[in-house]
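The block underneath contains the structure these notes are about, expressed in structure tokens.
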There are 2 protein chains.
Amino acid sequence: MTVSRALRDGASIAAETRDKIMKAVEQLGYVLDQSAGSLSSKRTGFVAVLVPSINNSNFADTARGLTDALQGSGLQLLLGYTDYLIEKEEELIESMLRRRPEAIVVTGGKHTPRGRKLLEKAGIPVIETWDLPPKAVRHVVGFSNAEAAEALVRYLHEKGYRKIGFIGGTSNRDTRGADRRLGYERAMAALGLMDTRIISFGTPPISMKQGGEALAQLIEQWPDVEAAICVSDLSAFGALTECQRRKIPVPNRIAIAGFGDFEISSCSHPSITTVGVNCYDIGRRSGELLLRAIEGERARRPIAAETIMTQYSVIARDSA
Amino acid sequence: MTVSRALRDGASIAAETRDKIMKAVEQLGYVLDQSAGSLSSKRTGFVAVLVPSINNSNFADTARGLTDALQGSGLQLLLGYTDYLIEKEEELIESMLRRRPEAIVVTGGKHTPRGRKLLEKAGIPVIETWDLPPKAVRHVVGFSNAEAAEALVRYLHEKGYRKIGFIGGTSNRDTRGADRRLGYERAMAALGLMDTRIISFGTPPISMKQGGEALAQLIEQWPDVEAAICVSDLSAFGALTECQRRKIPVPNRIAIAGFGDFEISSCSHPSITTVGVNCYDIGRRSGELLLRAIEGERARRPIAAETIMTQYSVIARDSA
DNA sequence: ACCTGCTATGTTAGCGATAACAAGGATCCG
DNA sequence: CGGATCCTTGTTATCGCTAACATAGCAGGT
């Protein structure tokens with residue numbers, strides 16, 4: 001028991017005793033067993049985080065924001081990636097819950113019925129991010145992808161573009177991508193532009209290369225297209241370079257816009273007009289919310305459900 | 001006990017009993033507590049993985065390879081990121097070991113003395129990746145970054161370039177980056193090219209933007225430079241676009257080469273010559289090795305230390 | 001009928017920590 | 001100097017599960 005106290009801070013223990021213990025600990029290479037501690041104290045120090053892909057800088061930024069927010073709290077991320085599949089998400093939710101996380105952060109608001117039930121019954125704070133679900137499980141930190149895409153369409157419209165196309169993946173697996181397409185369609189309709197030009201190509205998330213191929217399809221199918229909105233900056237970059245290879249001037253002959261404000265968009269030549277979403281901020285604020293929520297659980301005074309809207313903005317650059 | 005058996009497979013239990021239990025489990029929303037199970041069975045199902053950055057597609061690929069290799073084994077990644085600092089690595093090693101992982105995978109072969117000691121005394125399989133440490137803790141899955149950079153210099157030399165510069169970060173924090181610079185220097189010396197041109201700019205890992213700024217410095221300091229090797233593809237892309245902004249023809253006036261074969265290098269226009277390293281493969285093979293090693297531990301027949309060299313190759317593209 | 005061998009379930013103990021309480025000793029103050 | 005108070009250390013029970021062993025019941029062969 002004294003050892004247990006010595007290895008934690010905040011416990012009253014004689015300096016001399018602590019030194020002796022520390023020396024022994026160092027000598028033996030003893031390392032505390034946290035799974036035993038968790039069992040006893042009912043605090044695992046885990047926060048489960050599910051993202052679609054570990055390999056996407058947007059979600060990596062969110063994870064970083066979360067990590068930073070949790071710095072010093074003794075909480076550790078338990079990351080899982082769903083591969084954009086809600087079935088895989090369901091599996092992951094269950095396997096995460098077995099580890100008794102103190103909170104769980106998921107990406108998006110669409111889940112399998114069982115996945116949703118697991119979240120609701122988990123008895124821990126739940127945060128849905130990157131979306132504004134119509135019916136949230138509890139807390140939300142995100143923005144409307146549809147509205148953001150609408151803003152981008154309006155921006156292009158103001159710049160004089162009318163024949164605006166949209167490039168995205170083939171399925172609704174990526175719900176945020178699907179929302180963006182929806183926003184595109186809504187905005188086009190609202191502006192009286194009824195002739196939408198949509199290319200669906202590749203399994204989401206679509207790559208740079210696929211963005212290029214999709215652009216080729218777009219100009220083949222609608223040679224008169226004036227601007228292309230791409231579901232993400234990666235595909236936008238692919239589309240841009242495809243234009244360069246074909247010697248199609250951007251933005252003069254065709255304008256290109258992306259989504260996400262990846263570093264590549266500000267660095268490419270020409271730079272790419274995009275929608276900046278505060279990925280890091282989503283993580284950061286989720287982390288802060290989550291700390292308050294966990295605190296509330298511990299004090300047996302659960303906090304009320306919160307919806308935090310993060311900012312997005314159209315970032316005008318050279319490509320559109 | 002019967003419930004415990006029902007929820008695991010492989011145990012002999014009557015189908016009828018199992019069904020009854022499953023029904024109750026579903027109704028109650030019961031989820032097994034794995035931390036208690038781990039304490040009892042001494043198997044946590046964790047594999048600790050430390051990477052420099054969660055935000056680098058190379059390491060993300062390695063993590064994906066690991067995840068894929070561990071699929072179905074009941075093992076789960078516990079990811080930590082060190083921010084390229086061995087001091088942070090030391091902290092992470094300790095906090096990971098508290099979770100009693102069944103194996104630990106670290107990036108690189110350089111650790112703090114205490115970090116190294118913790119790894120050695122951990123009593124679990126240890127794999128160092130992405131490097132070939134002079135004195136490995138135990139298992140290694142990687143390649144020589146210095147040799148790979150040498151190969152790239154030789155490639156440029158064969159193409160006729162002589163005044164070859166190197167762009168990297170300001171410190172040795174990124175040991176792989178430092179090794180690449182070392183390889184550059186060695187190869188230059190071996191080819192009788194004594195006039196090295198090295199620009200150190202920005203805290204590793206350097207970004208696209210910093211790559212561009214470094215290139216500007218390079219041509220300012222050595223206007224006669226014919227080729228630039230960049231410590232990573234990201235900085236190479238930044239260097240490329242900086243050239244495009246300055247209307248410097250690539251590769252005619254200056255050639256550019258990167259390292260890592262990120263998607264951007266094959267997609268940019270012109271495409272970027274780089275060194276392909278099998279990031280995914282490093283993860284995949286680490287995972288396979290680790291499964292064998294864990295198996296060995298369980299059977300009390302530890303496997304011998306292994307060093308798996310992964311392949312790298314210079315990928316000739318348009319920029320050099 | 002008896003023993004063997006199998007399957008299905010039950011019992012007991014213990015994993016390694018912490019919560020909660022107990023107790024010994026020093027300190028302080030009137 | 002005695003009792004209150006604080007600081008430090010010790011004791012006991014428990015967290016929720018699984019390993020290991022025990023037992024009950026049944027089938028099958030001789």
Side-chain angles (χ1 to χ4, degrees), chain A residues 1-25 28-46 48 73-76 78 94-102 118 121-124 294 297-300, chain B residues 1-25 27-46 48 73-76 78 94-102 118 121-124 294-295 297-300:
Chain A
M1 195 60 231
T2 305
V3 173
S4 175
R5 272 188 276 252
L7 294 179
R8 238 171 335 159
D9 34 26
S12 77
I13 188 169
E16 193 192 354
T17 314
R18 162 172 273 141
D19 287 350
K20 259 198 295 194
I21 289 174
M22 285 311 189
K23 207 181 293 172
V25 161
L28 294 167
Y30 169 80
V31 177
L32 214 81
D33 185 329
Q34 196 162 168
S35 48
S38 300
L39 184 60
S40 174
S41 67
K42 311 207 147 266
R43 296 196 38 191
T44 57
F46 279 131
S73 68
L75 255 31
Q76 183 175 15
L78 198 51
E94 188 166 15
S95 78
M96 290 291 178
L97 290 183
R98 273 200 277 272
R99 304 276 188 191
R100 294 291 185 270
E102 302 188 33
L118 282 167
K121 289 199 157 186
I124 52 174
I294 291 176
E297 295 294 318
R298 290 203 187 126
R300 291 167 170 279
Chain B
M1 196 59 232
T2 303
V3 173
S4 174
R5 271 189 276 253
L7 293 178
R8 237 171 336 158
D9 34 26
S12 77
I13 187 169
E16 193 193 353
T17 315
R18 163 172 272 141
D19 287 349
K20 257 197 300 195
I21 290 174
M22 285 310 188
K23 206 181 293 173
V25 162
Q27 209 171 38
L28 294 168
Y30 171 79
V31 177
L32 212 80
D33 186 329
Q34 196 163 169
S35 50
S38 300
L39 184 59
S40 175
S41 67
K42 311 207 145 265
R43 296 197 37 190
T44 56
F46 279 130
S73 68
L75 255 30
Q76 183 176 14
L78 199 52
E94 188 166 15
S95 78
M96 290 292 178
L97 290 183
R98 273 200 277 272
R99 304 278 189 190
R100 294 290 185 271
E102 301 187 34
L118 281 167
K121 290 199 157 187
I124 52 173
I294 290 177
E295 196 45 56
E297 294 295 318
R298 288 199 191 130
R300 292 168 171 279

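Hydrogens, waters and symmetry mates are skipped; everything else that's a heavy atom, side chains included, is used. Labels below follow one simple rule: chain letters A, B, ... track the order of the sequence lines, proteins then strands, and each chain is numbered from 1.
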Contact under 4.0 Å: B/K42 side-chain N or O vs D/dA19 OP1/OP2: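 So the side-chain polar atoms of B/K42 never come under 4.0 Å of the phosphate oxygens OP1 or OP2 of D/dA19.
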D/dC17 phosphate, OP1 or OP2, under 4.0 Å from B/Y30 side-chain N/O: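 Looking at the OP1 and OP2 atoms of D/dC17, one of them is under 4.0 Å from a side-chain N or O of B/Y30.
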In whole angstrom, give the distance that lies between atom [atom1] of [X] and atom [atom2] of [N].
X	N	atom1	atom2	value
B/R98	C/dG16	CZ	P	17 Å
B/L39	D/dG16	CG	P	12 Å
B/L7	D/dC17	CG	P	9 Å
A/Q34	D/dG16	CD	C1'	17 Å
B/D33	C/dC15	CG	C1'	13 Å
A/R18	D/dC7	CZ	P	15 Å

Any heavy-atom pair between the side chains of [Y] and [X] that's under 4.5 Å?
X	Y	value
A/E102	A/I124	no
B/F46	A/L78	yes
A/R18	A/K23	no

Report all interatomic pairs (protein N or O, nucleotide N or O of nucleotides 19-28 of chain C) with separations under 3.5 Å.
{"unit_1": "C/dA19", "atom_1": "OP2", "unit_2": "A/R8", "atom_2": "NH1", "d": "3.3"}

5' priority, DNA chain C, between B/A14 and B/R100 [closest heavy atom]: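 First, find each residue's nearest nucleotide; the 5'-ward one identifies B/A14.
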Given DNA chain C, 5'-ward residue of the pair B/A15 and A/V31, judged by closest heavy atom: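 Its nucleotide being nearer the 5' end, the pick is B/A15.
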Interatomic distance, B/L39 atom CG to B/Q34 atom CD [nearest 0.5 angstrom]: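 Reported value, rounded in 0.5 Å steps: 12.5 Å.
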Atom of B/G123, atom of B/E297 and distance for their closest heavy-atom approach: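 The pair with the smallest heavy-atom distance is O-OE1, 4.1 Å.
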Heavy-atom closest contact (A/L32 atom, B/R100 atom, distance):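 In this case the closest contact between A/L32 and B/R100 is O-NH1, 3.3 Å.
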Of the listed nucleotides D/dC17, C/dG10, C/dC15, the one nearest the side chain of B/T2: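 Taking heavy atoms from C-beta onward, the closest nucleotide is C/dG10.
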Which nucleotide in D/dG16, C/dT9, C/dA17 has an atom nearest any side-chain atom of B/T17: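 Of the candidates, C/dT9 comes closest.
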Residues in side chain to side chain contact (heavy atoms under 4.5 Å, CB included) contact with B/S95, at least two apart in sequence or another chain: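 Applying side chain to side chain contact (heavy atoms under 4.5 Å, CB included) to B/S95 gives B/L92, B/R98.
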